[in-house]
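First comes the structure, then the notes that go with it.
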Amino acid sequence: MNAFRSNFVQGVKNGILHPTSFGAYMVQDSVYCQRVADALEVAAEREKYDPLKSFLGQLQNEYEGYYMDLFEKWHINDGKAIGLGEACQEYVKTVAEVAEKDDAYYMLVALIPCHCAGAYTDWINSNFVSTSEEYRKLENLVNAALAEKKIKKEKH
């Protein structure tokens with residue numbers, strides 16, 4: 001996975017990441033989580049199937065807790081005023097569009113890259129690594145949606 005070969009991950013691994021780069025990543029990650037929480041709220045509001053609606057709401061609460069904690073630690077008052085890097089902005093835009101326009105199962109699919117690649121924080125490690133209960137719930141919901149033909153592999 002390319003994320004693990006990134007300058008950020010390699011810098012952390014080798015103990016050579018500049019503090020400014022670390023800070024920039026943490027601020028961007030907190031704003032990313034705020035925007036994903038907003039998208040999850042939209043997806044949950046649109047969803048009528050209660051187990052999926054509840055799961056999306058639970059994810060939203062987890063993202064909110066994470067970004068609110070980081071906002072406090074990094075003294076961020078308005079995450080909407082902070083710009084994101086191009087790749088992150090594009091991903092957030094895609095997630096928001098999926099939340100607004102597509103079936104909620106596609107929201108789960110849209111979030112998989114973040115949940116698979118996230119190995120940087122205690123929160124992600126404890127909630128979304130491939131061996132965690134939350135990751136398994138996400139994977140099971142997506143696989144069930146595929147099996148029931150609620151989503152198509154070709155979309156997105």
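We count residues from 1, following the sequence as given. Note that the structure is predicted; figures quoted are calculated from it, not measured.
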Donor + acceptor pair across side chains of Tyr66, Asp29 (<3.5 Å): yes

NZ/NE/NH1/NH2 to OD/OE distance under 4.0 Å, Arg46 and Asp102: no

Atom pair CG/CD of Leu56 and Glu41 - distance to nearest 0.5 Å: 11.5 Å

Sub-4.5 Å side-chain heavy-atom contact between Tyr67 and Tyr32: no

Close side-chain approach of Phe55 and Tyr49, heavy atoms under 4.5 Å: no

From Cys33 atom SG to Glu62 atom CD, the distance as rounded to the nearest 0.5 Å: 11.0 Å

Distance in Å, Ile82 CD1 paired with Gln34 CD, rounded so as to fall on 0.5 Å steps: 8.5 Å

For Lys13, salt bridge (charged side-chain N to carboxylate O under 4.0 Å, His left out) partners two or more places apart: none

Test item: Leu40 and Tyr63 side chains (from C-beta on) under 4.5 Å apart, heavy atoms: yes

Side chain to side chain, Ile76 and Leu70, heavy atoms closer than 4.5 Å: no

Value rounded to 0.5 Å, distance of CD in Gln60 from CE in Met107: 9.5 Å

Phe22 and Trp74 aromatic ring geometry - parallel, tilted or perpendicular at 30°/60° bounds: tilted

Flag side-chain contact, heavy atom, 4.5 Å: Leu108 against Leu52: yes

Inter-residue atom distance Ser30.OG - Lys73.NZ, 0.5 Å rounding: 11.5 Å

Close side-chain approach of Arg35 and Leu84, heavy atoms under 4.5 Å: yes

Atom NZ of Lys48: over 12 foreign heavy atoms under 6.0 Å: no

